[in-house]
Amino acid sequence: MTYHLDGAVIPTGFDVPVEPLRRAAHFTGEPGCIAEARAFAAVFLEQLRTEWCATIDERTDGAALLVVSELVTNADRYSNGPYILELEGTDTSLTVAVYDSSATLPRVFPRDPQRVGRHGLEIVRALARDISVERVPVGKRVRAVLSLDGG
C-alpha cells in the first residue's frame with residue numbers, strides 16, 4: 001500500500017517488489033553500442049530508485065555505469081559477434097552480466113600502472129563485490145555484482 005501526501009509517495013512496507021528488477025538488451029557491436037548500453041543502464045538504475053526505493057548515490061551510479069562500460073567494451077572488442085547486457089537489481093545490489101560469443105576467458109593482468117590498456121577487469125574488480133567468468137553454450141558470461149547499500 002502506498003499513501004500519497006501532498007504529492008509525495010510514502011511507501012508503507014507492503015509494496016516492496018517480490019522479484020528483482022530484470023532487464024536485458026541485445027547489442028550488435030556497431031558504433032554507438034557502448035553509449036547505448038550506458039544509457040540502458042542509466043534508465044535501469046532510475047527504475048531501481050523508483051520501483052525498489054533504492055538509494056543510489058552519485059558515486060555508486062558512476063561505478064555502475066563504469067562497470068557496464070568496461071564489460072560491454074570488452075565484449076565489443078574481443079568477441080566476433082553481438083553481445084547481451086543483462087541487469088538485475090534490488091534496493092541493495094546490482095548484477096551486471098554480459099554474454100558474448102567468444103569462449104576465450106578474459107585474462108586478469110597483474111597491477112601495472114605503466115601498462116597501456118587492458119585495465120578493464122582490474123577496474124571492475126575494484127568496483128564490484130563479486131566477479132565471475134564462465135563459459136556458456138554460446139561463448140562466455142562475465143558477471144559483476146555491486147553493492148548499492150554502501151557495503
Side-chain angles (χ1 to χ4, degrees), residues 2 4 7-11 13 15-109 115-151:
T2 302
H4 299 273
V9 177
I10 303 169
D15 52 356
V16 176
V18 180
E19 292 290 322
L21 182 64
R22 292 183 181 96
R23 299 287 184 268
H26 175 268
F27 298 96
T28 61
E30 294 175 16
C33 283
I34 297 165
E36 288 176 27
R38 284 179 57 91
F40 177 77
V43 169
F44 183 84
L45 291 169
E46 193 55 40
Q47 287 179 297
L48 276 181
R49 287 181 182 97
T50 304
E51 296 176 28
W52 270 88
C53 299
T55 304
I56 304 171
D57 61 18
E58 274 188 54
R59 185 170 192 259
T60 304
D61 189 82
L65 295 178
L66 182 55
V67 167
V68 167
S69 291
E70 291 298 334
L71 295 183
V72 170
T73 297
N74 286 348
D76 192 74
R77 184 172 290 160
Y78 300 112
S79 71
N80 293 319
Y83 44 91
I84 296 170
L85 169 62
E86 187 177 78
L87 303 172
E88 180 178 301
T90 65
D91 57 333
T92 59
S93 70
L94 169 68
T95 301
V96 178
V98 175
Y99 294 80
D100 69 46
S101 59
S102 173
T104 303
L105 300 181
R107 291 181 48 202
V108 179
F109 295 94
R115 184 178 66 246
V116 176
R118 298 192 177 256
H119 292 279
L121 275 182
E122 190 177 331
I123 292 168
V124 172
R125 288 175 70 186
L127 297 172
R129 74 170 187 227
D130 185 42
I131 184 168
S132 63
V133 180
E134 66 180 330
R135 286 191 175 98
V136 295
V138 296
K140 71 176 166 298
R141 175 183 76 166
V142 181
R143 182 177 164 269
V145 179
L146 290 85
S147 293
L148 299 179
D149 58 359

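Hydrogens, waters and symmetry mates are skipped; everything else that's a heavy atom, side chains included, is used. Numbering starts at 1 and runs along the sequence shown. Since this is a predicted model, take the numbers as computed values, not measurements.
- The CZ atom of Arg22 sits 10.5 Å away from atom OG1 of Thr90, with the distance rounded to the nearest 0.5 Å.
- Two residues are said to be in side-chain contact when any heavy atoms from C-beta on lie closer than 4.5 Å; Leu45 and Leu65 meet this criterion.
- Checked by atom type, the side-chain pair Thr60/Asp57 shows a donor-acceptor distance below 3.5 Å.
- Between the side chain of Arg141 and the backbone N or O of Glu134, no donor-acceptor pair lies under 3.5 Å.
- Side-chain contact between Trp52 and Leu148 is absent, with no heavy atoms from C-beta onward closer than 4.5 Å.
- Of the inter-residue distances, the one linking His26 atom NE2 with Phe40 atom CZ reads 12.5 Å to the nearest 0.5 angstrom.
- A 6.0 Å sphere centred on CZ of Arg125 holds no more than 12 heavy atoms belonging to other residues, nucleotides or ligands.
- Residues Tyr78 and Thr104 fail the side-chain proximity criterion, which asks for heavy atoms closer than 4.5 Å.
- Side-chain contact between Leu121 and Glu70 is absent, with no heavy-atom pair separated by less than 4.5 Å.
- Between the Arg143 side chain and the Ser132 main chain, no donor and acceptor come within less than 3.5 Å of each other.
- A salt bridge links Arg49 with Glu46: the closest approach of a Lys/Arg side-chain nitrogen to an acidic carboxylate oxygen falls below 4.0 angstrom.
- Between Asn74 and Val142 there is no side-chain heavy-atom pair separated by less than 4.5 Å.
- Leu94 CG to Leu48 CG: the interatomic distance, rounded to the nearest 0.5 Å, is 6.5 Å.
- The closest side-chain heavy-atom distance from Val96 to Leu87 is below 4.5 Å.
- Taking OG1 of Thr28 as the start and CG of Asp76 as the end, the distance is 8.5 Å to the nearest 0.5 Å.
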